[in-house]
Novice: 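This structure is in structure tokens; I'll ask about it shortly.
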Amino acid sequence: MTHDTNDSPGLFDKFLSENRIFRDREVLRHSYRPHILPHRKPQIDQIAAILAPALQTETPSNILIYGKTGTGKTASVRYVGTELESVSARRGTICRVIHLNCEVIDTQYRVLAQISKMILGEEDPSSDKTRIHIPMTGWPTDQVYSELKNQIDTSTGVFIIILDEIDKLVKKSGDDTLYNLTRINTDLSRSKVSIIGISNDLGFKTFLDPRVLSSLSEEELVFPPYNAPQLCDILQQRAAIGFAEDALDDEVIPLCAALAAQEHGDARRALDLLRISGELADRGNGSKVTIEHVKKAQAKIETDSMVECIKTLPTQSKIVLYCMLLLHRAGQRIFISGDVTRIYKELTPFLEIDVLTARRISDLISELNMLGVINTRLVNRGRHGRTKEMWFDTSTEKIWEVIMEESDGRLAQVDEQIVIQIMR
DNA sequence: GTTCCACAGGAAGTGCGGGCCT
DNA sequence: AGGCCCGCACTTCCTGTGGAAC
């Protein structure tokens, strides 16, 4: 099976052969929802306590939830939501949980239309012909609002609307949506609506009208970041299902947890690290994930985000970076702003772009430093003045690649002769 | 002790495009 | 359509700086 062959039938054989590392890779993605959420019991209990009145068809308080990415906000809320729905179904009451992600659905119209769509979605279409689907575009907003109100009020239950990444909605289209939604209860006679807002950004409250804020944050919850031991438990739990038995070295999970804990206790990051470590081991045909794989995975995540960062750089920054790469290639491990500016000034006439001043280049250099693409250090060289030294502390190969393929390949077309002449 | 280099980086201003109100 | 304001990318002008060289 492992014999060398160029025949295409054998091409995928080695990938299809029984997998020694993974049992179920999906478990290690952050989209996977586990049945138990370690270290979130207090928060889950609290949410459950706040939502419990819904089972008596009373209106639960609105909740505002804060926490950094990867702290289990969405997972906890979804968990409580599904539990609530199933318990209420057993008791014969009506509780509907509607989950929206405001990063995707980011205008008032789309939020209202989506809620309506999700309410009607599961119902037997023949049961009630008086209600119409709201088109995804076209109606005036107040008509959408009143139609939504009708749809909600035809049942006698409690609707819990979860607005995930609510800060995105507020920043993009203001707080009108929230104002209307928080007041909807006053227009309803039979059913009730309660809102849960989830936000990454603690400062988003300042964008809200005080009336909306006080109504929305009847209850507030903060999800603290996980620490390393907690991340260990989370990874342990997923690894038990996701990885084959004995596929992980003992130190692997603690290392993933420790690295992710340094980065603000982000469980997503920890899971990515573990999954990518596994993928690297898998592709390397190993039978065990080792701490070497974790280190490689960490490096891969870092370069991947570096590549992403450089790709999105403005053209002028890319050119400044290119000048630094030229100096680096010429053997200068450390270079100063004067060098970079000189190369830049000599290079730019060959490119069809505006030529920036040294002052502006100085700012661009600082930005590159802030982004972690380069390192800088202020130095005084006595007679030779005060300047900024800079250097790359990662391999420049990836940066070269990205710079070459970006900016319409303009930099890749720079004649080698010109470069030699400039670098003299 | 004095000079003076080679910049850093603050302040203020310009020009431009986008969003918003009227 | 027109006016207004805001943020941005960038410029011009400027003052400040620490230590090697004199």
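Letters A, B, ... mirror the listed sequences (proteins, then strands); counts begin at 1.
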Novice: I want to check one thing: is the phosphate of B:dG9, taken as OP1 and OP2, less than 4.0 Å away from some side-chain N or O of A:K388?
Specialist: yes
Novice: Within the supplied structure, the quantity of interest is the number of heavy atoms (other residues, nucleotides, ligands) at a distance under 6.0 Å from A:E352 CD; does it exceed 12?
Specialist: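 Incorrect, the count does not exceed 12.
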Novice: Any side-chain N or O of A:T357 less than 4.0 Å from the OP1 or OP2 oxygen of C:dT12?
Specialist: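 Answer is no, no contact under 4.0 Å.
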Novice: Could you check A:L378 against A:R381 and say which one's nearest nucleotide on DNA chain B is further toward the 5' end?
Specialist: A:R381
Novice: Does A:V355 reach a base, just sugar-phosphate, or nothing at all? Heavy atoms under 4.0 Å.
Specialist: sugar-phosphate
Novice: Do other residues, nucleotides or ligands put more than 12 heavy atoms under 6.0 Å from A:K296 NZ?
Specialist: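 No, because the 6.0 Å sphere around NZ of A:K296 holds 12 heavy atoms or fewer from other groups.
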Novice: With rounding to the nearest 0.5 Å, note down the distance linking CD1 in A:I374 to CH2 in A:W391.
Specialist: 9.0 Å
Novice: Which nucleotide, C:dC13, C:dC22, B:dA8, lies nearest any side-chain atom of A:R383?
Specialist: C:dC22
Novice: Could you tell me the separation between the CZ atom of A:R359 and the C1' atom of C:dA9, rounded to a whole number of Å?
Specialist: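 From A:R359 CZ to C:dA9 C1': 13 Å.
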Novice: Without hydrogens or angle criteria, can the side chains of A:D393 and A:N375 be said to hold a donor-acceptor pair below 3.5 Å?
Specialist: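 A:N375 and A:D393 do have a side-chain donor-acceptor pair below 3.5 Å.
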Novice: How many Å lie between CD1 on A:I361 and C1' on C:dC10, as a whole number?
Specialist: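 One finds 12 Å between C1' of C:dC10 and CD1 of A:I361, rounded.
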Novice: A:N380 side chain: which of B:dC7, C:dT11, C:dT17 is closest?
Specialist: C:dT17
Novice: Rounded to whole angstrom units, what separation is found between the CD atom of A:E367 and the C1' atom of B:dG9?
Specialist: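 Answer to the nearest Å: 14 Å.
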Novice: Over how many whole Å does the gap from A:H384 atom NE2 to C:dT17 atom C1' extend?
Specialist: 16 Å
Novice: What class does the angle between the rings of A:F243 and A:F22 fall in, given that below 30° is parallel, 30 to 60° is tilted and above 60° is perpendicular?
Specialist: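 Parallel.
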Novice: Could you state the atom-to-atom distance from CD1 of A:I365 to C1' of C:dA9 in whole Å?
Specialist: 16 Å
Novice: Between C:dG19 and A:R386, counting only base atoms on the nucleotide and side-chain atoms on the residue, is there a donor-acceptor pair under 3.5 Å?
Specialist: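 Per atom types, no contact qualifies.
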Novice: Can you measure A:I319 atom CD1 to C:dC10 atom C1' for me and round it to whole angstrom units?
Specialist: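 Between C1' of C:dC10 and CD1 of A:I319: 15 Å.
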Novice: With the side chain of A:R360 defined as its heavy atoms from C-beta on, choose the nearest nucleotide among C:dG19, C:dT11, B:dC7.
Specialist: C:dT11
Novice: Distance check needed: B:dA8 C1' versus A:R377 CZ, whole Å only.
Specialist: 15 Å
Novice: Rounding to a whole Å, what distance do you find between A:E389:CD and B:dA8:P?
Specialist: 12 Å
